[in-house]
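The structure appears below as structure tokens.
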Amino acid sequence: MSQSTMQELRAQVDTINLQILELLNKRAKLASEIGKFQEEMGTTFYDPEREAFMLTNLELNNKGPFSNETIKALFREIFRASMALEEKQARAKIKVQRQTDDQRTIITLPDGTQLGNGDFTVISGPCAVESMEMMDETAAALAERGVKILRGMAYKPRTSPYDFQGMGEPGLQIARQVANKYNMFITSEIMDQSQISMMMDYVDIFWIGARNMQNSFLLKAMGRVNRPVILKRGLSATLEEFLYAAEYIVSSGNPNVILIERGIRTFEKWTRNTLDIGGVAVLKLETHLPVVVDISHSAGRRDIAKPLARVAKASGADGLMVEVHPNPPVAMSDAKQQLTIPEFHALMDEITDRQAAY
Ligand code: PEP
Ligand code: MN
């Protein structure tokens, strides 16, 4: 074969490459149109029957020299690429999905305090409001260490209906009074949308607990309030389900959502739940919302609070949540995991000392 024939053949190959390229992109556009339609219909992008039909059709029409196996392998790659494109387009529409590396939602509270701005925020307070005295003593210690967001839980979703259910509105009154005294903000768990207007009088940040993460009516209602919302991951929720729950709030009009990883249910018994720190790292990649690590409910024990706090900080989370009680052994809920006030101070020393190391 002469040099010029070789060049001629190569030129033909180059032309065909460009034709294939054009056809591939033409095909991708059609596939993405189909993807949009599938999304509207609520069907999945992967349709095994359709894929089998296309492969059989290609086999029947294949005149070689490529074998049927080679042709099928090549087309499977094309199908996969189209599906990835459809999925990417669908994800781009999700409001909580991070679109650029530097996109972040920063929650700004009325005094200018921010969460999600790159600092490490501590949210703390007792598991539940039990009395004015214990709230005051706890808040005083927290305020001394610069904690701005105080747990003022008045409704407790307990496993047993015979356990302490929270003080109700009188508990919120106590929390509000104490928060005002120490210039703090109250976050408190809402159980039902019927409580919204009453709670607006007391609460700065609404809180949706793990058990309500998929209560879509409550999530939509939280989308209509003009206060930030803390959303906890469900007991056995996947990260995808967690983000879709946040999407309910954001797509209903409230962009100020804070996510809390609180441990998931696994076979492990030595901790109450299993802290999914990999999940925290993934959330930080996938969403622009602030992510906080609950080192209390994920562990169920106070003796590993320090290492978990260090891990939370190192994971890139925006903060941690820890329960603190003046006298944990007599606490009316979560007695085993709440830190004493001296333990809280030691924890704060730990994460502040190590700030430079990270
Ligand atoms: C809480 O943090 O008050 C709580 C009840 O935890 P969870 O909803 O994660 O179980
Ligand atoms: Mn608790």
Side-chain angles (χ1 to χ4, degrees), residues 96 104-107 109 114-116 119-128 147-153 155-157 185-191 203-215 218-219 222 227-250 254-265 271-300 305 308-309 311-313 315-324 334 337-339 347 351:
V96 302
R104 53 167 76 215
T105 291
I106 299 175
I107 313 286
L109 297 172
Q114 290 191 326
L115 203 156
D119 293 343
F120 193 70
T121 302
V122 175
I123 300 173
S124 188
C127 180
V147 173
K148 280 290 198 182
I149 305 175
L150 177 65
R151 287 176 58 102
M153 301 299 176
Y155 300 93
K156 295 305 301 171
F185 297 102
I186 284 295
T187 181
S188 195
E189 181 164 353
I190 179 161
M191 298 295 168
V203 169
D204 303 293
I205 305 175
F206 281 98
W207 175 294
I208 296 188
R211 286 151 197 82
N212 264 319
M213 188 206 83
Q214 283 186 312
N215 182 342
L218 182 58
L219 297 170
M222 285 292 100
R227 309 253 161 107
V229 178
I230 286 177
L231 177 66
K232 296 194 89 178
R233 183 176 180 182
L235 275 62
S236 303
T238 64
L239 296 173
E240 191 178 10
E241 289 163 343
F242 192 16
L243 285 188
Y244 273 120
E247 185 75 7
Y248 262 104
I249 305 173
V250 175
N254 186 351
N256 295 318
V257 177
I258 300 148
L259 302 174
I260 298 201
E261 154 60 25
R262 46 78 74 201
I264 46 173
R265 284 213 163 163
T271 48
R272 181 175 175 184
N273 293 291
T274 296
L275 176 58
D276 182 10
I277 207 71
V280 173
V282 171
L283 287 173
K284 286 299 297 174
L285 280 183
E286 292 291 328
T287 176
H288 48 81
L289 298 176
V291 182
V292 170
V293 179
D294 173 351
I295 62 166
S296 294
H297 298 85
S298 53
L308 291 189
V311 163
K313 196 159 182 185
S315 73
D318 298 281
L320 66 78
M321 198 296 292
V322 62
E323 288 184 342
V324 177
D334 289 348
Q337 71 194 29
Q338 305 204 56
L339 299 191
L347 183 95
I351 53 171

(request) Measure the CD1-CD1 distance between I258 and I205 for me, rounded to the nearest 0.5 Å. (result) 5.0 Å
(message) To check you understand the geometry: which heavy-atom pair defines the closest contact between L115 and P290, and what is its length?
(response) CD2-CB, 3.6 Å
(request) Check whether any side-chain N or O of S188 sits under 3.5 Å from a backbone N or O of G152 as a donor-acceptor pair, and report yes or no. (result) yes
(request) Run the numbers on R151 and M321 for side chain to side chain contact (heavy atoms under 4.5 Å, CB included), then give the verdict. (result) CA-CA 9 Å; R151 287 176 58 102; M321 198 296 292; 3.3 Å; yes
(request) Go through the structure and list residues passing side-chain contact (heavy atoms from CB on, under 4.5 Å) with N215, not counting sequence neighbours. (result) N212, F217, L218
(request) Spell out, as yes or no, whether a donor-acceptor pair under 3.5 Å connects the side chain of T238 to the backbone of E241. (result) yes
(message) Would I208 and E189 count as a side chain to side chain contact (heavy atoms under 4.5 Å, CB included) here? Give the steps.
(response) CA-CA 6 Å; I208 296 188; E189 181 164 353; over 6 Å; no
(message) Ignoring hydrogens, what is the shortest heavy-atom contact between P228 and L109? Give both atom names and the distance.
(response) CG-CD2, 4.2 Å
(request) Check step by step if side chain to side chain contact (heavy atoms under 4.5 Å, CB included) holds for V293 and L308. (result) CA-CA 9 Å; V293 179; L308 291 189; over 6 Å; no
(request) Mind checking salt bridge (charged side-chain N to carboxylate O under 4.0 Å, His left out) for R227 and listing every partner two or more places apart, or none if nothing turns up? (result) none
(request) With sequence neighbours left out, write down each residue that passes salt bridge (charged side-chain N to carboxylate O under 4.0 Å, His left out) with R262, or none if nothing qualifies. (result) none
(message) Rounded at 0.5 Å granularity, tell me how far CD in Q214 sits from CG in L235.
(response) 11.0 Å
(message) In the structure I gave you, are the side-chain heavy atoms of V324 and L347 within less than 4.5 Å of one another anywhere?
(response) no
(request) Look up atom CZ in F185 and atom CD1 in I149, then write down how far apart they are to the nearest 0.5 Å. (result) 8.0 Å
(request) Check whether any side-chain heavy atom of K156 sits under 4.5 Å from a side-chain heavy atom of C127, and report yes or no. (result) yes
(message) Quick check: do T121 and L320 have side-chain heavy atoms less than 4.5 Å from each other?
(response) no
(request) May I ask you to decide if H297's main-chain N or O and N273's side chain share a donor-acceptor pair within less than 3.5 Å? (result) yes
(request) Look up atom CD1 in I107 and atom CD in Q114, then write down how far apart they are to the nearest 0.5 Å. (result) 10.0 Å
(message) I need the T105 OG1 to L289 CG distance, nearest 0.5 Å.
(response) 5.0 Å
(request) Give, for atom OG1 of T187 and atom CG of L150, the distance between the pair rounded to the nearest 0.5 Å. (result) 9.0 Å
(message) Using side-chain heavy atoms (C-beta onward) and a distance below 4.5 Å, is L259 in contact with V292?
(response) no
(message) Test of understanding: with salt bridge (charged side-chain N to carboxylate O under 4.0 Å, His left out), list the residues that count as partners of E261, not counting sequence neighbours.
(response) R233
Side-chain donor-acceptor pairs of residues 242-249 under 3.5 Å, sequence neighbours excluded:
| unit_1 | atom_1 | unit_2 | atom_2 | d |
| --- | --- | --- | --- | --- |
| E247 | OE1 | K95 | N | 3.0 |
| E247 | OE1 | V96 | N | 2.9 |
| E247 | OE2 | K95 | N | 2.8 |

(request) Side-chain contact test, heavy atoms from C-beta onward, threshold under 4.5 Å: evaluate it for I123 versus I230 and give yes or no. (result) yes
(message) Is it the case that the side chain of N254 and the backbone of M222 share a donor-acceptor pair, with hydrogens and angles ignored and the cut-off at 3.5 Å?
(response) yes
(request) For K148, check salt bridge (charged side-chain N to carboxylate O under 4.0 Å, His left out) against everything at least two apart and list the hits. (result) D111
(request) Could you pull out the closest heavy-atom pair between S315 and V280, with the gap in Å? (result) OG-CG1, 3.5 Å
(message) A side-chain contact here means heavy atoms from C-beta on lying under 4.5 Å apart; do V322 and L339 qualify?
(response) yes
(message) When you compare the side chain of D334 with that of E323, does any pair of heavy atoms fall below 4.5 Å?
(response) yes
(request) Specify the closest pair of heavy atoms between P157 and Y155, including all atoms of both residues, with the distance to one decimal. (result) CD-O, 3.7 Å
(request) Answer yes or no: is there a donor N or O on one side and an acceptor on the other, between the side chain of K313 and the main chain of I351, under 3.5 Å? (result) yes
(request) For S298 and D294, indicate whether the former's side chain and the latter's backbone hold a donor-acceptor pair under 3.5 Å. (result) yes
(message) Within the structure provided, determine whether Q338 and S296 are in side-chain contact (heavy-atom separation under 4.5 Å).
(response) no
